[in-house]
Amino acid sequence: MAGIFINYRTGDGQWAPELIDERLVQIFGEGRVFRDRRSMRPGTDFPPHLRRELQQCTVLLALIGRHWLTVRDEKTGARRIDVPGDYVHDEIEEAINLNKVIIPVLLDTTLPGADRLPRSLARLNDRQALNMREGYTHHDLDILVTELREYVPAVRAGRDAEQSARHSGNSGSVFDMGNGNTFDIRRSAFGITPTYNEAGSRRNPGDPA
């Protein structure tokens with residue numbers, strides 16, 4: 001199944017991973033967006049689960065902040081990205097080897113040159129990157145979502161529903177049934193309530209029932 005894998009470094013650009021994840025889940029659905037802290041249950045065996053998610057995803061987002069390359073390992077003093085077993089390194093390397101679409105998402109920084117990257121990650125420098133600026137996240141998230149739509153189908157139908165995903169507190173989903181009809185799943189404290197709307201009378205999430 002087409003999906004998005006969010007790769008990020010703890011301690012670098014901390015404002016971004018959850019923010020990006022939340023927006024992408026609204027548009028593409030939880031099942032198509034993987035972020036480890038949200039997606040894995042307690043007790044999950046980390047390495048094989050990550051490998052399966054990487055194999056199944058279509059796009060890996062490599063979130064790169066100002067300290068992404070320079071964060072040091074507390075025990076050895078070496079750059080964390082050079083330490084064997086570093087998840088950021090290993091996930092990107094695996095995605096390169098699997099020929100996945102890799103989008104570097106630059107968090108108020110620039111893409112490191114290939115000469116500064118570990119040799120196995122040098123090809124990351126060949127990928128076209130996108131900017132994610134802390135003061136312009138709504139604008140930059142729109143651009144990211146537009147690009148991801150080329151690879152991953154959206155759950156929500158139409159631009160109106162996408163606008164609702166950004167601005168309303170409703171957690172339902174709207175599915176395009178074809179012929180102008182939509183199927184709206186509303187989640188509430190009492191469970192999931194589906195409402196079917198015929199062409200010409202589509203109801204967006206958050207509208208009165």
Side-chain angles (χ1 to χ4, degrees), residues 3-25 28 33-40 44-148 150-152:
I4 303 160
F5 188 107
I6 300 176
N7 168 278
Y8 66 97
R9 181 171 296 291
T10 300
D12 176 59
Q14 288 298 96
W15 56 270
E18 187 172 354
L19 179 68
I20 292 172
D21 178 49
E22 181 179 0
R23 176 69 184 283
L24 297 186
V25 166
F28 300 101
V33 182
F34 178 84
R35 181 175 65 89
D36 55 3
R37 292 187 180 181
R38 174 184 54 79
S39 303
M40 293 197 298
T44 300
D45 190 0
F46 233 86
H49 188 86
L50 290 174
R51 192 171 298 112
R52 284 195 300 272
E53 292 292 339
L54 278 168
Q55 291 171 348
Q56 294 172 7
C57 81
T58 303
V59 181
L60 179 137
L61 301 180
L63 275 52
I64 299 174
R66 294 173 180 171
H67 307 294
W68 182 81
L69 200 59
T70 58
V71 172
R72 298 279 172 175
D73 180 72
E74 294 180 357
K75 294 182 179 179
T76 66
R79 296 190 311 176
R80 196 179 297 170
I81 200 166
D82 296 321
V83 175
D86 178 61
Y87 283 110
V88 171
H89 174 286
D90 292 350
E91 291 166 6
I92 296 174
E93 181 180 41
E94 182 76 2
I96 290 172
N97 293 336
L98 293 172
N99 294 314
K100 300 294 184 179
V101 176
I102 302 174
I103 302 177
V105 179
L106 306 178
L107 312 176
D108 292 315
T109 191
T110 57
L111 187 63
D115 59 331
R116 299 181 62 204
L117 294 169
R119 182 175 301 178
S120 61
L121 303 188
R123 290 169 56 194
L124 180 65
N125 189 255
D126 298 330
R127 266 52 175 198
Q128 182 65 36
L130 288 177
N131 291 308
M132 186 65 59
R133 298 161 296 175
E134 188 170 6
Y136 300 89
T137 52
H138 287 296
H139 174 270
D140 293 342
L141 279 168
D142 282 347
I143 295 174
L144 177 61
V145 167
T146 297
E147 293 300 324
L148 290 172
E150 297 295 319
Y151 305 103
V152 180

Q. Which of these passes side chain to side chain contact (heavy atoms under 4.5 Å, CB included) with Leu60: Leu54, Val101, Ile103?
A.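 Going through the options one by one, the only one that passes is Leu54.
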Q. Among Leu106, Val105, Asp12, which one satisfies side chain to side chain contact (heavy atoms under 4.5 Å, CB included) with Leu63?
A. Val105
Rounded to the nearest 0.5 Å, what separates atom [atom1] in [X] from atom [atom2] in [Y]?
X	Y	atom1	atom2	result
Thr109	Trp68	OG1	CH2	10.5 Å
Leu111	Gln128	CG	CD	9.5 Å
Arg133	Leu141	CZ	CG	11.0 Å

Q: Write down the atom of Pro104, the atom of Ile64, and the distance for their closest heavy-atom approach.
A: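 The pair with the smallest heavy-atom distance is CB-CD1, 4.2 Å.
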Q | Which atom of Ala78 lies closest to which atom of Val83, heavy atoms considered | A |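 Looking at all heavy atoms of both residues, the closest pair is CB-CG2, 4.3 Å.
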Q. Going through the distances and angles, do Tyr151 and Ile4 end up as a side chain to side chain contact (heavy atoms under 4.5 Å, CB included)?
A. CA-CA 9 Å; Tyr151 305 103; Ile4 303 160; over 6 Å; no
Side chain to side chain, [X] and [Y], heavy atoms closer than 4.5 Å:
X	Y	value
Val152	Leu24	no
Leu69	Ile81	yes
Tyr8	Asp36	yes
Tyr87	Leu50	yes

Q.
Assess the residue pair Met132 and Trp15 against the criterion (side chain to side chain contact (heavy atoms under 4.5 Å, CB included)); give the C-alpha distance rounded to whole Å, side-chain angles, the decisive distance to 0.1 Å, and a yes or no.
A. CA-CA 11 Å; Met132 186 65 59; Trp15 56 270; 3.8 Å; yes
Under 3.5 Å, side chain of [X] to main-chain N/O of [Y], donor-acceptor pair present?
X	Y	value
Arg38	Val33	yes
Arg23	Leu19	no
Asp108	Gly65	no

Q | Inter- and intrachain pairs under salt bridge (charged side-chain N to carboxylate O under 4.0 Å, His left out), touching residues 57-84, at least two apart | A | Arg79-Asp82
Q | Stepwise side chain to side chain contact (heavy atoms under 4.5 Å, CB included) check, His67 with Arg9 | A | CA-CA 9 Å; His67 307 294; Arg9 181 171 296 291; over 6 Å; no
Only distances under 3.5 Å count here; give the side-chain donor-acceptor pairs of residues 88-100 to other protein atoms, sequence neighbours excluded, each with its distance to 0.1 Å.
| from | atom 1 | to | atom 2 | distance (Å) |
| --- | --- | --- | --- | --- |
| His89 | NE2 | Ser120 | OG | 3.1 |
| Glu91 | OE1 | Asn7 | ND2 | 2.7 |
| Glu93 | OE2 | Ser120 | OG | 3.3 |
| Asn97 | ND2 | Glu93 | O | 3.3 |
| Lys100 | NZ | Gln55 | O | 2.8 |
| Lys100 | NZ | Cys57 | O | 2.7 |

Q: For Glu18, look at atom CD and say whether over 12 heavy atoms of other residues, nucleotides or ligands are found less than 6.0 Å away.
A: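 Open: at most 12 neighbouring heavy atoms sit under 6.0 Å from CD of Glu18.
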